[in-house]
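Working notes, beginning with the structure itself.
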Amino acid sequence: MVEKPAPVREENPAPEKAPVREEKPRQDNHPYQPQAMEKKWQEKWEADKLYRSVIDNTKPKHYALTMLPYPSGDLHIGHWYAMTPSDARARYMRMKGYNVLFPMGFDAFGLPAENAAIKDGVHPMKRTFQNIERMRKQMKSMGAMFDWEREVVSASPEYYKWTEWFFIQLYKQGLAYRKMSAVDWCPNCNTTLAREQVWGDDRHCERCGTPVIKKDLDQWFFKATKYADELLNFDGVDWPQTVKTLQTNWIDRSEGAEVQFAIVGPFSTLVPVFTTRPDTLWGATFMVFSPEHPLVDKITHPEYKQAVEEYKAQAARQTEIQRGAADKEKTGVFTGAYAINPVNKARIPIWIADYVMMSYGTGAIMAVPAHDERDFAFAKKYDLPIVPVIQPEVPIEAENGVMKAAYVGPGIMINSGKFSGTKVNTEKGRKNPGIAKVLDWIAAEGLGKESVNYRYRDWLISRQRYWGAPIPMIHCEIHGWNPVPDDQLPVVLPEDVEWKPTGESPLKLHPTWKNTTCPVCSGPATRETDTMDTFMCSSWYHLRYLSPHYDKGPFDPAEYDYWMPVDTYTGGIEHATMHLLYTRFFHKALRDAGIVEGHEPMLQLRNQGMVLGEDGDKMSKSKGNVIAPDVLVNKYGADSVRAYIMFFARWEMGAPWDSQGIEGSVRWVRRVWTLFTDPAQPATASAETKKDLRRKVHQTLRKVTRDFENFEFNTIISSLMELMNEMYKAREAGAAGSDEWKEAQEIYLKMMAPVTPHIAEELWAHLGKSYSIHQQAWPKVDEAAAKEDSIELPVQINGKVRDRITVPAEASEEQIKAAALNSEVVKKFLEGQEPKKVIVAKGRLVSIVI
RNA sequence: GCCGAAGUGGCGGAAUAGGCAGACGCGCACGACUCAAAAUCGUGUUCCCUACGGGAAUGAGGGUUCGAUUCCCUCCUUCGGCACCA
C-alpha cells in the first residue's frame with residue numbers, strides 16, 4: 001500500500017555490502033561499537049518480550065499505527081523516515097504511562113510480484129514471502145518497538161479470508177454492486193483502476209505512470225458515494241488541514257437543482273439536467289447533450305444523423321485528456337431535436353458537444369450562454385441566442401446590444417417572469433436568495449427538485465489480476481450473483497496458474513478453479529475470476545492487528561473494545577484521496593453493518609514528507625540516487641541513522657538526503673557515548689555551576705516533552721545536542737559526580753531512549769541502573785529548577801536594539817523600566833529628554849520611543 | 001483558471017502567544033594534538049562598510065504596530081491537488 005519510493009517498483013536488487021567503519025581502539029575499555037551492541041539489545045528485548053502489547057485495564061491505551069509497507073524486496077530510506085519517528089513517538093507515549101500498541105505487517109498483494117512472475121516465472125507467493133522475510137529482518141535492525149506477534153500479511157489466506165468476508169458484508173448491506181461502465185484501464189498493469197488511482201494532467205496510472213485508457217467493462221463497485229456527505233465531515237478527528245481539504249475537494253459537493261426538460265416531437269421524454277444556477281433557468285436558450293448520452297440516437301432527426309454519427313465517432317477517438325482541455329475551441333453539432341424550457345415554455349434546440357461529460361451530473365445540460373463562459377463561447381460560435389437574465393449593478397458592457405462575455409457576478413434577475421427583480425448574490429446553493437426562491441418554486445410546480453451533485457465516484461474494486469484477494473461471488477445462470485457461503489471461505493487462490501499478460505485474470509484461464517456450484521440451487525455455476533483492489537486489504541488491516549490469528553471473526557471483540565480506535569496514525573500524504581478515504585468509507589460501512597463502533601477509524605493523523613535524493617530529485621534506481629538504509633546501519637549503527645532521520649528535516653516537510661550531514665548525528669551519538677563512559681571526576685563544581693546545569697536539564701526536558709507531543713522531532717535532537725554541549729562544559733567545570741550530574745545523566749538517557757533506544761539502554765546499564773530504560777517513566781519537569789534567576793533584556797530605542805540590561809526574573813515592570821532608563825546607552829540617546837513612550841514586554845524586552 | 005502548502009546564511013533548518021533573526025547541525029576557515037594525515041578537541045563563520053563603530057537583511061512591494069519571519073493587502077516563484085464539473 002504505502003511508501004512507494006518510486007513509480008516503478010524494483011525487486012530484490014543485489015545486496016550492497018558496505019565496509020564496516022574501522023573502529024580505532026580507544027584508550028578506555030568502552031569503545032562505541034554500535035553494530036554488536038545494537039544486535040545484543042535487540043535480541044534481549046525480543047527474548048524478554050519487552051514490546052508485546054497485552055490488554056491491561058489498569059493503564060490507558062494508545063494505539064499508534066504507521067502505514068504498512070508493500071514487500072517490494074528491500075527496505076527503503078523512506079520506510080525509515082516514516083517508521084522511526086513514529087516509533088520514537090510510540091516509545092515516548094509508552095514512557096508517559098500508556099499501554100501502547102505499535103504493530104507492523106505487510107500489504108502483500110499487488111501487481112509488482114505478478115508482473116515479475118510474468119517475466120521470470122517465479123510464483124508471486126514465493127517471491128512475496130521471500131521479500132517479507134528479508135524486509136522483516138531489515139526492519140528489525142531499526143530497533144523499533146513493533147509487536148511482531150501481531151504481524152499481519154494481507155496475502156495469507158488467514159488474512160484474506162476476512163477480506164472476502166468483508167466484501168460479503170458490504171454486499172449484504174447493498175453496498176457492492178456490479179455494473180457495466182466505461183472504466184479506467186491501465187494498459188501496462190493490464191487491469192482496471194479506481195478513479196483515485198488515476199493521477200495528473202495526462203491521467204496516468206498511480207502505480208506505473210502509464211496513461212490510462214477507457215474500456216467498457218462489467219465490474220464490481222462499492223457504493224462509496226452513499227457516504228459522500230458524511231465523508232465531508234471531519235468532526236472529532238485531528239487530521240492535517242491539507243488532507244481534509246484534499247478529500248473535500250476530491251468529493252467536490254455542489255448544490256443545485258435537477259430540472260426536467262421535455263423533448264419535443266416523435267421521441268417525447270423528460271430529460272433531467274443538473275444545474276447549480278436554477279436562477280438562470282429563464283436564460284437557458286439551448287440544451288447540450290454529451291455525445292455518449294444514451295438518448296442521442298433516439299432524438300436525432302434523420303437529416304442530422306450523419307453529422308451526429310461523425311461527431312460521436314470523432315469524440316470517441318479523442319482521449320479524455322484532449323477533451324478535458326479547458327481552453328480547447330468548443331465544437332458540437334445540432335441534433336435536429338428541440339426541448340421545452342420548463343419555466344418559460346420556450347422551444348430550444350438540442351445540440352451535442354464534447355464539452356459536456358457523461359461522467360458528471362446527468363450527461364446533459366441546460367445552456368445559459370449569458371451567464372456561463374463555456375455556453376457563451378458555444379453560442380457565439382454557432383450563433384445561438386443569448387438572453388441575459390441577471391442584470392448587474394453596473395449594466396453589462398455590450399456592443400450594439402450584444403454581450404461581449406458571459407456575466408457570472410451578482411445582480412438582479414430580469415426576463416424571469418415573476419422572479420424578475422429578485423436579488424442574486426455570489427453565494428452558492430440555498431444561501432443565495434435568488435436560487436433559494438427558484439428552488440422552492442420549481443419543486444412546488446413539479447418542474448424539478450433541489451439536488452446535490454458530487455464529483456466523487458463509487459469505488460471500482462475489480463482487478464483483472466491473479467495476485468489479490470478473490471472476489472467471493474458465484475454466478476449461476478438461474479440465480480444470478482450470490483456470495484460464497486461463509487463456511488466455504490476463504491476462496492483460496494489456486495497455485496497452479498500460468499502467467500500471461502493477457503488483460504484477463506489468470507484465474508479465468510485456469511482450467512477448473514472457476515467451476516463451482518450455486519449456493520442457491522447447487523447447480524453448476526462459475527466463480528468471479530477478478531480479484532480485489534489491494535486498497536480493500538489495507539482498509540481494515542488496523543483491525544486484524546488486534547488479533548491476527550483469531551478465527552471466529554475478523555477480530556477478537558475483547559481486543560477491539562480495548563484498543564480501538566487508532567489514536568495516532570502516521571504515513572505519507574500521497575494517500576489522502578486513496579487509502580485514507582477508502583478506510584474512512586470502509587469504517588462507516590462496517591459501522592452501519594454493526595461490526596465496528598464510532599464514526600472514524602483513526603482519530604489523529606500526521607503525515608511525514610519525503611526523503612529526496614542528494615540531487616534533490618525523487619529517489620529512483622534509474623537516477624542512481626537511492627540511499628540504502630542497510631549500508632548506513634552497517635556503517636554508523638541504527639541509532640545514528642535514527643537520529644539523523646529525525647534531525648535533518650522537518651518531519652512533515654521532508655528534504656534531500658545529505659551524506660555529509662549524517663556525520664553530525666554520528667558525532668552527537670559518539671560524543672554522548674564519551675560523555676557517559678569517560679571516568680567521572682571528583683565533584684568540585686561551584687553551587688552555581690550545578691544549579692545552572694540543573695536548570696538547563698529541566699528546560700530541555702520541558703522542550704523535548706513539548707516537541708514529542710507536537711511531532712517536532714528535529715528540535716528534539718537539537719535540544720539534546722545543546723544539553724550535551726552544556727554537560728561537557730559543566731564537566732569541565734567539575735560537575736561530574738555531583739547529584740545534579742547524576743540526575744542530568746539519568747534524564748538525558750530517558751530523553752534519548754525513544755530516539756536512540758540501543759545506546760540509551762547500554763548507557764543505562766553502564767550507569768548501573770536496572771533493566772530496562774524502556775520501562776522507565778518519562779521524567780517530570782521541575783519547574784522551579786527550570787526557572788531563570790535573572791534575565792537579560794534587550795533595550796530597543798525606536799525599534800533598534802541599543803543595549804542589554806540584566807534584571808532579576810521577578811523584577812516588576814517599574815523596576816525594569818527604571819533599569820532601562822538608567823542605562824548609559826539609553827541616557828546618551830535621550831540627551832536629557834523624556835522618552836515619548838516606554839513599553840515593557842515582561843521577560844522579553846524594553847522598547848523606548850523618543 | 002480554482003484550492004492548498006512553502007519561500008529565512010554556502011546547505012538542512014531554528015525562532016511558545018507580535019518581542020534579541022539565524023538555535024542545532026553540515027560545510028568552510030584558523031588553531032591544538034601529530035613527523036604527517038585521518039580522527040578528535042578548541043575558536044570563528046548572514047551580508048556590506050576605510051570595521052572603535054555603523055548599516056542592510058527572513059521571495060518582492062505596501063499596510064497595521066513602539067516592535068512583523070510571525071497579522072492584513074497586492075504580486076512573484078516553487079511544489080502538490082483539482083479542472084469544459086454544468
Side-chain angles (χ1 to χ4, degrees), chain A residues 21-24 26 199-201 240-250 252 254 256 273-277 280 284 288 290 323-330 353-357 359-368 372-375 377-378 453-455 573-574 576-577 609-610 643-644 647-650 652-665 667-668 670-671 674 702-703 706 710 712 714-725 728 792-801 803-804 835-850:
Chain A
R21 169 181 281 241
E22 283 291 319
E23 197 60 52
K24 258 199 179 164
R26 286 165 47 88
W199 284 21
D201 290 344
Q241 188 54 48
T242 47
V243 174
K244 293 193 279 188
T245 303
L246 284 169
Q247 293 198 349
T248 302
N249 291 346
W250 183 256
D252 192 19
S254 65
V273 302
F274 176 73
T275 177
T276 55
R277 294 293 307 272
T280 64
V288 185
S290 162
R323 273 185 68 169
D327 49 357
K328 202 186 81 171
E329 171 132 10
K330 305 274 174 291
D354 65 5
Y355 80 89
V356 176
M357 304 291 153
S359 55
Y360 187 80
T362 64
I365 63 159
M366 63 174 209
V368 183
D372 181 282
E373 279 156 19
R374 295 151 301 170
D375 298 344
F378 195 79
N453 228 290
Y454 305 90
R455 205 180 66 88
I573 198 167
E574 67 272 17
T577 59
M610 212 189 322
Y644 184 59
F647 177 67
F648 86 104
R650 259 159 81 183
E652 75 277 19
M653 300 299 284
W657 188 260
D658 181 354
S659 287
Q660 242 167 359
I662 193 172
E663 298 286 351
S665 303
R667 265 173 224 150
W668 170 58
R670 298 166 81 86
R671 272 166 60 80
T674 307
R702 187 163 60 195
K703 165 91 175 130
R706 193 175 66 217
N710 297 332
E712 284 164 4
N714 56 341
T715 47
I716 290 173
I717 312 292
S718 55
S719 301
L720 289 174
M721 286 173 168
E722 239 178 283
L723 175 56
M724 177 191 69
N725 292 338
Y728 265 100
E792 196 189 58
L793 294 179
V795 180
Q796 287 187 348
I797 295 171
N798 289 344
K800 287 196 192 304
V801 178
D803 197 15
R804 284 158 208 286
K836 280 203 190 110
K837 209 170 178 184
V838 179
I839 295 134
V840 177
K842 252 191 127 182
R844 305 239 180 234
L845 54 45
V846 182
S847 183
I848 299 169
V849 186
I850 57 177

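In this text the structure is predicted, and so the values were computed from the model without any measurement. In what follows, chains carry the letters A, B, and so on, assigned in the order in which the sequence lines appear, proteins first and then strands, with residues in each chain numbered from 1.
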Starting the side chain at C-beta, find the nucleotide from rC66(B), rC26(B), rC3(B) nearest to Asp658(A).
rC26(B)

Between rC3(B), rA56(B), rC24(B), which one does the side chain of Met721(A) approach most closely?
rC24(B)

Residue matched to rC84(B) through Watson-Crick or wobble contacts both under 3.5 angstrom:
none

For Met653(A) and for Ile839(A), locate the closest nucleotide of RNA chain B by heavy-atom distance; then report the residue assigned to the nucleotide nearer the 5' terminus.
Met653(A)

Closest listed nucleotide, where the reference is the side chain of Gln660(A) and the choices are rC3(B), rG12(B), rC26(B):
rC26(B)

Interatomic distance where CD1 belongs to Ile797(A) and C1' belongs to rG54(B) [whole Å]
15 Å

Could you work out the separation of rU8(B) and rC24(B) based on their C1' atoms and round it to a whole Å?
15 Å

Have a look at rU50(B) and give me syn or anti from its glycosidic angle (syn if within 90° of zero).
syn

Which value, rounded to the nearest 0.5 Å, describes the distance between Thr280(A) atom OG1 and Met366(A) atom CE?
4.0 Å

Let me know the distance between CD of Gln247(A) and P of rA5(B), rounded to the nearest Å.
16 Å

Any chance you could lay out the side-chain contact (heavy atoms from CB on, under 4.5 Å) test for Ile662(A) and Asp658(A), step after step, and finish with the verdict?
CA-CA 7 Å; Ile662(A) 193 172; Asp658(A) 181 354; over 6 Å; no

Whole-Å distance separating the CD1 atom of Ile573(A) from the P atom of rC82(B):
12 Å

Please report the distance, rounded to the nearest Å, between CG in Asp354(A) and P in rA86(B).
18 Å

Go through Thr715(A) and Lys703(A) one step at a time and tell me if the side-chain contact (heavy atoms from CB on, under 4.5 Å) criterion holds.
CA-CA 9 Å; Thr715(A) 47; Lys703(A) 165 91 175 130; 3.9 Å; yes

Of the listed nucleotides rC24(B), rC3(B), rC66(B), the one nearest the side chain of Ser847(A):
rC66(B)

From CZ of Arg455(A) over to C1' of rC84(B), roughly how many Å is that when rounded to an integer?
14 Å

Please report the distance separating the P of rG62(B) from the corresponding atom of rA23(B), rounded so that it comes out in whole Å.
29 Å

Could you work out which one of rC82(B), rC20(B), rA23(B) sits closest to the side chain of Glu722(A)?
rA23(B)

Pairwise C1' distance for rA39(B) and rG53(B), with rounding to whole Å
41 Å

Please tell me if Arg667(A) has a side-chain N or O lying less than 4.0 Å from either OP1 or OP2 of rC24(B).
no

My understanding is that a pair needs two contacts under 3.5 Å, Watson-Crick or G-U wobble. By that rule, which nucleotide pairs with rA56(B)?
rU46(B)

With a 4.0 Å limit, can you tell me whether Asn714(A) has a side-chain N or O closer than that to the phosphate oxygens OP1/OP2 of rA14(B)?
yes

Counting any heavy atom closer than 4.0 Å, what does Gly609(A) reach on the DNA or RNA strands: base, sugar-phosphate only, or nothing?
nothing

Asp372(A) has an atom CG; how far is it from atom P of rG1(B), in whole Å?
18 Å

Ring centres under 6.0 angstrom apart (Trp668(A), Phe647(A)):
no

Report the residue (Ala655(A) or Met366(A)) whose heavy-atom-nearest nucleotide on RNA chain B is the more 5′ of the two.
Ala655(A)

From CA spacing to verdict: side-chain contact (heavy atoms from CB on, under 4.5 Å), Tyr454(A), Ser254(A):
CA-CA 6 Å; Tyr454(A) 305 90; Ser254(A) 65; over 6 Å; no

When rounded to the nearest Å, what value does the distance between C1' atoms of rU69(B) and rC20(B) take?
14 Å

Watson-Crick or G-U counterpart of rC41(B), or none if no pair lies under 3.5 Å
rG31(B)

Among rC85(B), rG12(B), rC24(B), the one nearest Arg374(A) by side-chain distance
rC85(B)

Between rG25(B) and rA15(B) - C1' atom distance, rounded Å
16 Å

CD of Glu574(A) versus P of rC79(B): gap in Å, rounded?
18 Å

I'd like to check Ile365(A) versus Tyr355(A) (side-chain heavy atoms, cut-off strictly below 4.5 Å). Are they in contact?
yes

I'd like the P distance from rA38(B) over to rC71(B), given in whole Å.
47 Å

Partner nucleotide of rC11(B) by Watson-Crick or wobble geometry (both distances under 3.5 Å):
rG25(B)

Any chance the rings of Tyr644(A) and Trp657(A) have centres within less than 6.0 Å?
yes

Chi-angle category of rG9(B) [syn within 90° of 0, anti beyond]
syn

Counting any heavy atom closer than 4.0 Å, what does Lys244(A) reach on the DNA or RNA strands: base, sugar-phosphate only, or nothing?
nothing

Do the side-chain N or O atoms of Arg671(A) get closer than 4.0 angstrom to the phosphate oxygens (OP1, OP2) of rC41(B)?
yes

Could you tell me how far rU70(B) sits from rG61(B) if I compare only their P atoms? Round to whole Å.
13 Å

Check whether Tyr360(A) forms a cation-pi arrangement with Arg455(A) (NZ or CZ under 6.0 Å from the six-membered ring centre, at most 45° off the ring normal).
no

For rG4(B), the nucleotide meeting Watson-Crick or G-U wobble distances (both under 3.5 Å) is rC79(B)

When you measure from the side chain of Ile365(A), which nucleotide among rA17(B), rA86(B), rG55(B) comes out closest?
rA86(B)

Would you classify Asp252(A) as touching base, sugar-phosphate or nothing, given that sugar-phosphate means primed atoms plus P, OP1 and OP2, and contacts are heavy atoms under 4.0 Å?
sugar-phosphate

Start with the C-alpha gap between Leu845(A) and Val795(A), add the side-chain angles, then the distance that decides, and say whether side-chain contact (heavy atoms from CB on, under 4.5 Å) holds.
CA-CA 6 Å; Leu845(A) 54 45; Val795(A) 180; over 6 Å; no

Identify whether any heavy atom of Trp668(A) sits under 4.0 Å from a base atom; if not, whether one sits that close to sugar-phosphate; answer base, sugar-phosphate or nothing.
nothing

Phosphate-side-chain proximity, Asn725(A) and rG25(B), N/O vs OP1/OP2 below 4.0 Å
yes

I want to check one thing: is the phosphate of rU65(B), taken as OP1 and OP2, less than 4.0 Å away from some side-chain N or O of Lys837(A)?
no

If pairing means Watson-Crick or G-U wobble with both distances under 3.5 Å, then the partner of rG67(B) is none

For rG63(B) and rG18(B), measure between their C1' atoms and round to the nearest Å.
15 Å

For Gln796(A), report the nucleic acid contact type (base, sugar-phosphate, nothing); a contact means any heavy atom under 4.0 Å.
base

Using every non-hydrogen atom in the two residues, find where Lys330(A) and Phe378(A) come nearest and quote the distance to one decimal.
CB-CD1, 3.8 Å

With a 3.5 angstrom cut-off on both distances, give the Watson-Crick or G-U wobble partner of rU16(B), or none if there isn't one.
none

Indicate, with a heavy-atom threshold strictly under 4.0 Å, whether Arg650(A) touches base, sugar-phosphate, or nothing.
sugar-phosphate

With a 3.5 Å cut-off and just heavy-atom distances, do the side chain of Lys836(A) and the base of rC66(B) make a donor-acceptor pair?
no

Side chain of Thr242(A): nearest nucleotide among rA86(B), rG4(B), rA14(B)?
rG4(B)

Over how many whole Å does the gap from Leu845(A) atom CG to rC20(B) atom C1' extend?
7 Å

